[in-house]
Engineer: 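This is the structure I want to talk about, given as structure tokens.
Counting starts at 1 for both ligands and their atoms, in listed order. Numbers here are sequence positions counted from 1.
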Amino acid sequence: MPKTIIGMVNEHLHKNLTLPLVAINKEGKIILINEPAADIFKTTAKEAANKRLWDVIDDEEFNKLLFSVIKEQAHSVQDKLVFMHSSSIYKAKLIPIENKDKRIVAALTILEDYSNMYNLEKNIMQTLTEISHKLRTPLTSIKGFIDTLLESNLSDKKTMRNFLSIMHDETSRMNTLINNSLTLGSFAGAMHAEKKPVNITDIIKQAVLVMQPKINEKKVGVKVISPKNELYANINKDNFIQALTNLLDNSIKFSSTGRKKGKINIKVTNSNGAALIEIEDNGIGISPRDKNHIFERFYHVKNDPANKISGMGLGLSIAKQIIEEHDGTISCRSRLGKGSTFTVTLPVIS
Ligand code: ADP
């Protein structure tokens, strides 16, 4: 039988359209599937033709989505329905096909691979969250110093100068954080920042100073125990202070929740060419199950009363990223109800 013009146009459209298309009839049988769609579902147009959707396509979510048009007699076009297949993300447009009695007798879907856009959106969100997390510590610290200054009688010029100098350093650090984030687009990119030999005890004391308003507010006792010989490591100061303040922030937060007084010991020792920095608190501790996940991005410990206060589950993952960029490691020992010790190792300069 000679082909009609419409038939020929359909055939070419079908062959040349790069958007994946699938259509089913009211029994759920595939009446059209083009090559791009067949590739996604690892079949061929020939193999799939006239077979039931469920016998050909091994994706319950997609099959249900497409068949819902017929099952629910959904008369309007539905756009932008997102579903995952393998490791890709698709947007599906669902188009009902009606007969003259307004019964839906077939359903057509046009798919769009949305993975790149989705990942881009996710990266933007993650970067924004990381930037806000990074800015929170210096901002809290500056606010704490301003509050203390406002409450004092401002006659002690030496303390005032000291506070202003810390606030100055913290604003510079915020500036660097913003510049790094803006120019490099992501936190990971900002990691390859310049490093210089730095005295490890000094940088710890600097981080404690940054956290002083919070330490005072929570009435936590903090002790820094230094080694006999000074230890130096190649450090990017801004990033490393960020890592230390994230760890200290948690120790302060989680050691001041109970009735006992919060105590934090930060001990620096030399262990076979590596510096060990142990940050020990006597706080609520972490269960063995949670301990396996705390360094993951956005991980929260459930039923944790302190999490009501703040936290996005980013502090430890940022700290780990920074420490690894310094060729170091981070690990945690903890007992529920007894406290936690975070150990950071860093190669020292001999
Ligand atoms: P956040 O930025 O929300 O504080 P983190 O990545 O820093 O998240 O920490 C992840 C989780 O690990 C927290 O929700 C907390 O429950 C737990 N955690 C981290 N440090 C400590 C600590 N010193 N004591 C008890 N729990 C801790």
Engineer: Closer than 4.0 angstrom: is that true for some heavy atom of F295 and an atom of ligand 1?
Structural biologist: no
Engineer: Keeping T171 on the side-chain end and M167 on the backbone end, is there a donor-acceptor pair under 3.5 Å?
Structural biologist: yes
Engineer: Has the side chain of N99 got a donor or acceptor atom that lies under 3.5 Å from a matching backbone atom of V105?
Structural biologist: no
Engineer: Only one of R103, Q73, H75 passes side chain to side chain donor-acceptor pair (under 3.5 Å) with E98; say which it is.
Structural biologist: H75
Engineer: Quick check on contacts: which atoms of ligand 1 are under 4.0 angstrom from a heavy atom of K253?
Structural biologist: 4 (O)
Engineer: Going by distance only, is there an N or O of R136 that falls short of 3.5 Å from an N or O of ligand 1?
Structural biologist: no
Engineer: Hey, which atoms in ligand 1 end up nearer than 4.0 Å to a heavy atom of G315?
Structural biologist: 2 (O), 5 (P), 6 (O), 7 (O), 8 (O)
Engineer: Is there any N or O on I284 that sits under 3.5 Å from an N or O of ligand 1?
Structural biologist: no
Engineer: Counting only heavy atoms closer than 4.0 Å, does ligand 1 sit against the backbone of L316, its side chain, both, or neither?
Structural biologist: both
Engineer: For the residue pair H85 and Y90, does the interplanar ring angle fall in the parallel (under 30°), tilted (30 to 60°) or perpendicular (over 60°) class?
Structural biologist: tilted
Engineer: Using non-hydrogen atoms of the residue, decide whether S340 is closer than 4.0 angstrom to ligand 1.
Structural biologist: yes
Engineer: For ligand 1, which atoms have a heavy atom of G285 less than 4.0 angstrom away?
Structural biologist: 25 (C)
Engineer: Can you tell me how far CD of E230 sits from OG1 of T201, rounded to the nearest 0.5 angstrom?
Structural biologist: 7.0 Å
Engineer: Can you tell which of N246, D281, D249 gets a heavy atom nearest to atom 23 (N) of ligand 1?
Structural biologist: D281
Engineer: Run the side-chain donor-acceptor check on residues 36-50: report pairs under 3.5 Å with partners two or more places apart or on a different chain.
Structural biologist:
| unit_1 | atom_1 | unit_2 | atom_2 | d |
| --- | --- | --- | --- | --- |
| T43 | OG1 | E47 | OE1 | 3.2 |
| T44 | OG1 | E47 | N | 3.1 |

Engineer: Would you confirm whether the ring centroid of F145 sits within less than 6.0 angstrom of the ring centroid of F163?
Structural biologist: yes
